[in-house]
Amino acid sequence: MEALAMKDSAISQNGTERTLYPYVTGTSVIGMKYKDGIIMAADTGGSYGSTLRYKSLERIKSIGKHSLLGASGEISDFQELLRYLDELVLYDNMWDDGNSLGPKEVHNYLTRVMYNRRNKFNPLWNSLVLGGVKNGQKYLGMVSMIGTHFEDNHVATGFGNHLARPILRAEWREDLSFEEAVKLMEKCLLVLLYRDRSAINKFQIAKITEEGVTISQPYALKTHWGFSAFQNPSKGAEGSW
Amino acid sequence: MVKTSINAPTKGGFNFDLCQRNEMLLKKGMQLPTFRKTGTTIVGIVFQDGVILGADTRATEGPIVADKNCEKIHYMAPNIYCCGAGTAADTEAVTDMVSSQLQLHCYATGRESRVVTALTLLKSHLFSYQGHVSAALVLGGVDISGPHLHTVYPHGSTDTLPFATMGSGSLAAMAVFESKFREGLTKDEGIQLLCEAICSGIFNDLGSGSNVDVCIITKGHTEYLRNHQLPNPRTYVSSRGYNFVKGHTEVLSTKITPLKSKAEAALVDAMEE
């Protein structure tokens, strides 16, 4: 027992602890702008190391009236962030001045929170995607766990950066309709499903427009496994592997 | 009298004679020389008439581009080609070695080489070096039993696939394949898809770049298209070049020195023959 306590210098005598590694993690989130607003997608899985512990986690939530937040990484830190944002939105509503927090403001708040936590060596282990529409202006940004933040037409976290962004860079256009955006999103989600080991076949797609937020019910994508090379891989070389 | 040594039969298994020496050298602080890696995108697909292989052409040495236009598609046999990612020296040496072994085998059997032969030679060589020969290969060819496409990993494992990507740009290229590949592509569709995948690697991965090489292997015929696409041409600020007309710069002073030197003929004796 003592040996374990000594091993982690973060667990000191006064009991202060800081996040060293994530435990329950969510995999990639993909977001992109389309004609009427922002569309965001994530699967509903939470992995505990290499086991799939939770299969119905909602990793995309709406914030205030104008924003959507999607998170990958440690789920408990995401839930903590939602509490902070709840308080933020509550105080904003209490002013009762007709103004409401837009996506740009929420993004800035999240950046400050993440960066300050990283400076204290106690990060919130998440990569966040923040999207929203206010007064006709579309906004899509990302914050990483060390406080790096930027805005773009399409963003992805985790494995999505390597697998989905090349597709989005080649095929995203300024004026995608909702159906086209969903098709493009599903293309990226399918590649992630095939090639990311922590992805599961249960996705939620969320959209936000000037009218409001819609988060779809979880659904599955069709996969294709019928390649002839998979049928008999050692054809022509019986006994090989 | 010199004592001649009898040729002892080779011992089987692994030879660990140098391990103690290597450990001692490392402890003394010896730095292993760095190697030139080919941070790469290499791909292969099976289409209706055969196999197409593709590669980018950038070779990197850490953060520096060592070779802007290197060749990553190596010849193995007239009907078998191999793309290599990883350490450039390892991929070159291993493919050259197996290529010559294949040719000898060809002469011995009197038949066209088979892809599985190349595969077995490669994997047994790489396995015996336990991953220290850092060569990740995409091997493709068409032989008497049809078109074949395999990937070979540095530790010696292999896969048989309808489409394959390796190297640092493999995820970007695989994203293109997973979304667009179907069985039974025609040659033009196959080349189009392949170029798209390599370009995805070139533009989204820092370890890959420059041009696209393509190699199409069908029954009885191979086409090696070096630099099939050049999506990164050299650009110049001015397309007409630079032309400095007299009068653009103020001349402060002019001095003209004739280049004819005044040689003084000295009266010396003729040289000895």
Side-chain angles (χ1 to χ4, degrees), chain A residues 27-28 30 32 41 43 152-172 180-199 201 203 221-241, chain B residues 41 44-48 51 114-121 123-124 127 140-151 156-165 168-184 195-206 208:
Chain A
T27 182
S28 348
I30 318 175
M32 71 170 113
D43 71 5
D152 206 342
N153 292 322
H154 44 77
V155 293
T157 66
F159 250 95
N161 262 316
H162 296 108
L163 291 168
R165 287 204 87 181
I167 302 180
L168 292 171
R169 279 186 183 147
E171 301 189 16
W172 182 87
E180 291 174 330
V182 171
K183 258 186 59 157
L184 184 54
M185 191 63 98
E186 286 186 344
K187 207 184 216 189
C188 297
L189 289 172
L190 194 57
V191 180
L192 282 172
L193 177 62
Y194 283 135
R195 296 282 162 176
D196 179 2
R197 85 164 188 180
S198 28
N201 198 359
F203 303 98
L221 293 170
K222 246 169 69 75
T223 54
H224 174 69
W225 297 94
F227 295 111
S228 58
F230 290 163
Q231 252 50 296
N232 193 3
S234 57
K235 182 169 79 115
E238 272 72 32
S240 79
W241 65 101
Chain B
T41 311
I45 58 165
V46 175
F47 72 111
Q48 72 189 28
V51 166
R114 298 196 186 200
V115 182
V116 284
T117 320
L119 185 69
T120 314
L121 289 168
K123 69 159 55 166
S124 31
F127 178 71
V142 178
D143 58 29
I144 194 73
S145 52
H148 298 274
L149 179 68
H150 302 280
T151 52
S157 63
T158 59
D159 286 315
T160 313
L161 299 164
F163 54 90
T165 67
S168 56
S170 61
L171 282 93
M174 186 53 88
V176 172
F177 277 162
E178 284 285 13
S179 45
K180 295 193 178 148
F181 181 82
R182 343 173 292 273
E183 302 232 270
C195 286
E196 240 184 271
I198 299 281
C199 284
S200 175
I202 287 176
F203 292 117
N204 290 301
D205 173 45
L206 297 174
S208 316

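Below, chain A is the first sequence line, B the second, and so on; all start at residue 1. These values consider heavy atoms only, across backbone and side chains, with no hydrogens, waters or symmetry-generated copies.
The side chain to side chain donor-acceptor pair (under 3.5 Å) search around A/D43 returns A/R59, not counting sequence neighbours. Take A/F227 and apply the ring pair (Phe, Tyr, Trp, His ring centres under 6.0 Å) test, not counting sequence neighbours, and it matches A/H224, A/F230, B/F163, B/F181. Contacts of B/K180 classified as side-chain contact (heavy atoms from CB on, under 4.5 Å), with partners at least two apart in sequence or in another chain: A/E171, A/K187, B/L193, B/E196.
Residues of residues 160-168 of chain A lying under 4.5 angstrom from chain B, judged on non-hydrogen atoms, are A/H162, A/L163, A/P166, A/I167 by number.
Judged purely by atom type and a 3.5 angstrom limit, B/N204 uses its side chain to pair as donor or acceptor with the backbone of B/S200. Judged by distance alone, the side chain of B/E183 and the main-chain N or O of A/S228 form a donor-acceptor pair under 3.5 Å.
Side-chain contact check for A/R195 versus B/L171: every heavy-atom pair is 4.5 Å or farther apart.
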